[in-house]
Amino acid sequence: MSGLLTGLFEAFATTLREMFRKPVTIQYPEEKKPLSARARWRIVLTRDPEGEERCVACYLCSAVCPVSCISMQSADRGDGRRYPEWFRINFGRCILCGMCEEACPTLAIQLTPDYEFCKYKALDMVYEKEDLLIDGTGKDREYNFYKHAGIGVVNPKGKNPDEYGPVDIRSNMP
Amino acid sequence: MNALAFYLLSAAAIFSTLMAISRRELIHAVVYLVLSFFSLALIFFMMGAPLIAALEVLIYAGAIMVLFLFIVMMLEMGAAKIPLTPFRKVWGPAVVIAAVIFFSMAILFFGTPQTAVSPMTAFVSPRRFGQALYTKYYLAVEAVSLLLLFALVGALYLGKRDNNP
Amino acid sequence: MNSCAPWLIIIIKAFLILFVTLTLAAYMVLAERKLLARMQDRYGPNRVGPFGLLQPLADVIKLITKEDILPTQADKFIYLIAPGVVAGTVLLTFAVVPFGAPVKIDGVTVQMPVIDLNVGALYFLAMSSLGVYGVALAGWSSGSKYSLFGGIRGSAQMISYELSMGLALVPAVMLAGSFSLNDIVAAQSRVPFVVYSPLAFAIFLISVAAESRRIPFDLAEAENELVAGYHTEYSGMRFGLFYIGEYVNIIVLSALAVTFYLGGWHGPGPLWLSFFWFFLKAAVIAFFFIWMRATLPRLRYDQLMHLGWKFLVPLSLANVLLTGFLALMFHWRNV
């Protein structure tokens with residue numbers, strides 16, 4: 001009986017004490033929780049330092065995407081430089097896993113810390129290329145894929161910056 | 001004003017009682033019976049017996065009918081399949097009893113001289129009611145409470161027998 | 001005009017009480033949500049209006065505009081009246097509560113209860129026993145098993161706790177020597193009855209909590225077993241009636257606890273402060289109910305019945321004997 005009473009008293013005291021504590025709720029639209037350093041949300045397509053598209057439409061992101069939310073159509077600009085004719089990400093399906101970013105050989109596709117992109121209609125969640133493409137370079141400001149890889153096959157071989165000349169296998173003697 | 005209320009309440013009581021005995025759905029019958037008790041209680045209240053009125057609602061409408069309702073709900077009985085006039089044999093005694101009641105009421109109505117004092121002016125306070133109950137009618141009260149005690153013990157016995165046969 | 005005046009006063013009082021009580025009930029909902037939230041380290045509703053003060057209005061608008069669904073299995077007639085029974089009996093109880101000192105207007109003394117019944121305490125018990133029908137009938141008529149269970153549980157619980165509630169009122173009636181709530185309040189002008197019979201007050205509070213079917217006694221609507229119990233099938237304003245009924249019930253029962261045991265509207269200061277004192281005391285009791293909801297878990301059905309029949313009823317019977325004995329012994333009242 002006395003155990004019951006002290007139990008009751010403790011319970012009532014606890015709730016009363018908690019009543020005067022500051023609530024732990026973060027009131028979202030006004031107060032925002034600080035994001036962690038590596039938080040990743042909305043996906044963008046970046047440009048290289050010269051302002052050209054980085055994406056070479058290699059389909060690697062589309063292939064690796066576990067929910068198949070990325071689709072595109074590759075095209076050639078004429079000089080051998082590839083680019084996506086259209087590029088589409090359905091954020092209604094995207095799970096923000098970041099595998100596309102890992103797969104991307106040109107650092108074109110990147111995840112940003114912007115998480116507030118809810119829409120009223122499901123179709124508005126489908127982002128086209130013009131919605132995805134940004135003017136900046138994103139995370140790596142210096143990186144320029146074509147500087148190293150060249151566009152198409154350059155003649156004579158090995159004339160790209162930082163590129164070694166072709167190896168003469170006959171002279172490659174020990 | 002009082003007369004109007006009285007006739008309205010009486011009509012409600014008679015109507016709901018008739019409905020109570022003629023409904024096939026048991027729950028509806030119970031609800032109408034509660035309504036009947038309620039209008040009866042209001043008539044009692046108007047006639048100057050507030051204690052009786054309160055007890056009528058409290059005990060009959062509030063307790064006994066709830067038990068009725070409870071049992072009906074528990075047994076989950078649907079609408080009764082039997083005809084409304086089940087026992088032809090009962091009709092004879094019923095008519096005889098109704099006739100006796102009707103004639104005694106007629107005698108009361110026409111046999112006693114009409115008095116100017118309306119019965120509605122009489123008023124019994126709860127205190128006087130209680131004093132009368134415990135001084136003048138104490139024997140009846142004791143008898144009834146003994147009866148209730150027997151009923152309680154009987155119910156206990158019936159309830160226990162299932163556990164220890 | 002003179003003969004008409006009392007009627008007019010009664011009608012005005014009834015309308016005032018209806019208006020004030022319903023508004024209070026709406027804000028009781030807000031207060032409960034706020035307090036519960038604070039006790040759980042949350043903020044509670046604070047979006048609609050300053051401090052969420054317009055939340056009740058938003059709730060009511062939502063409830064009114066929602067569809068009123070009639071299940072195909074339901075018994076139409078009873079299904080439609082059951083919410084009215086719950087809310088109606090609770091609101092009717094307020095007719096006998098003296099929530100302030102008598103006021104003199106234009107030479108006419110106006111008593112505060114709508115009607116000063118000389119069987120006021122019994123009237124309260126009668127109304128609360130009629131309230132059982134709302135729960136039982138709503139549960140039965142919905143044509144759903146959850147509702148039926150809720151209805152049966154609710155009615156069984158209310159019948160059981162009515163007993164200890166009635167017995168807990170006996171000491172107050174005994175000490176005042178009257179069923180009239182006005183007389184009971186008048187008898188407490190110096191010392192409230194809780195001093196004479198604290199046990200009765202405690203039993204009354206517990207029984208009242210069970211009577212209003214709230215946590216920890218909300219078996220009739222236990223949401224993790226019975227969805228929402230007897231009002232599972234209800235929607236729109238009919239559900240709103242159950243909801244409002246519950247909160248009006250808290251207000252009425254707090255007011256009655258104050259009337260029976262805490263000295264009613266009596267308090268220090270001038271007479272016009274009586275309304276304030278009454279309101280303050282009732283608010284404290286109402287806060288206690290909310291506090292209890294935040295603190296205690298729900299009882300199991302057998303624990304509920306055990307507490308009611310094997311603990312509270314014998315205890316209140318013993319308390320009636322004890323209070324009677326002490327009252328005679330020390331001449332607490334010239335009976």
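Keep in mind that the numbers below use all heavy atoms, side chains included, and drop hydrogens, waters and symmetry copies. Worth saying up front: this structure is predicted, and the values here are computed from it rather than measured. Just so it is clear: chains get the letters A, B, ... in the order the sequence lines come, proteins before strands, and each one is counted from 1.
- For B:Tyr32, the OH atom sits in a packed shell: over 12 heavy atoms of surrounding residues, nucleotides or ligands are nearer than 6.0 Å.
- When the side-chain hydrogen bond (donor to acceptor under 3.5 Å, both in side chains) test is applied to B:Ser39, no partner is found at least two apart in sequence or on another chain.
- You'll find the side chain of B:Leu69 stays beyond 4.5 Å of the side chain of C:Trp140, heavy atoms only.
- Shown here is C:Phe94, whose CZ atom has more than 12 heavy atoms of other residues, nucleotides or ligands within 6.0 Å.
- Within a 6.0 Å sphere centred on CZ of C:Phe242, other residues, nucleotides and ligands contribute more than 12 heavy atoms.
- Across B:Ile59, B:Val34, B:Leu67, the residue that shares the most heavy-atom pairs under 4.5 angstrom with chain C is B:Val34.
- Proximity to chain C is limited to the side chain of B:Val31, based on heavy atoms less than 4.5 angstrom apart.
- Using a 30° and 60° split on the angle between ring planes, C:Phe77 and B:His28 fall in the perpendicular class, above 60°.
- Heavy atoms from other residues, nucleotides or ligands lying under 6.0 Å from CD of C:Gln73 number 12 at most.
- Residues of residues 126-137 of chain C that come closer than 4.5 Å to chain B, counting heavy atoms only, are C:Ala126, C:Met127, C:Ser129, C:Leu130, C:Val132, C:Tyr133, C:Ala136, C:Leu137, ordered by residue number.
- Interatomic distance, CD1 of B:Ile27 versus CG of C:Asp75, reported as 8.5 Å (0.5 Å rounding).
- When each of B:Ala63, B:Pro50, B:Ala54 is scored by its heavy-atom pairs under 4.5 Å with chain C, the top score falls to B:Pro50.
- For B:Tyr134, the OH atom is loosely surrounded, since the number of other residues' heavy atoms within 6.0 Å does not exceed 12.
- Counting heavy-atom pairs closer than 4.5 Å to chain B, the top residue among C:Ile159, C:Ile152, C:Leu125 is C:Ile152.
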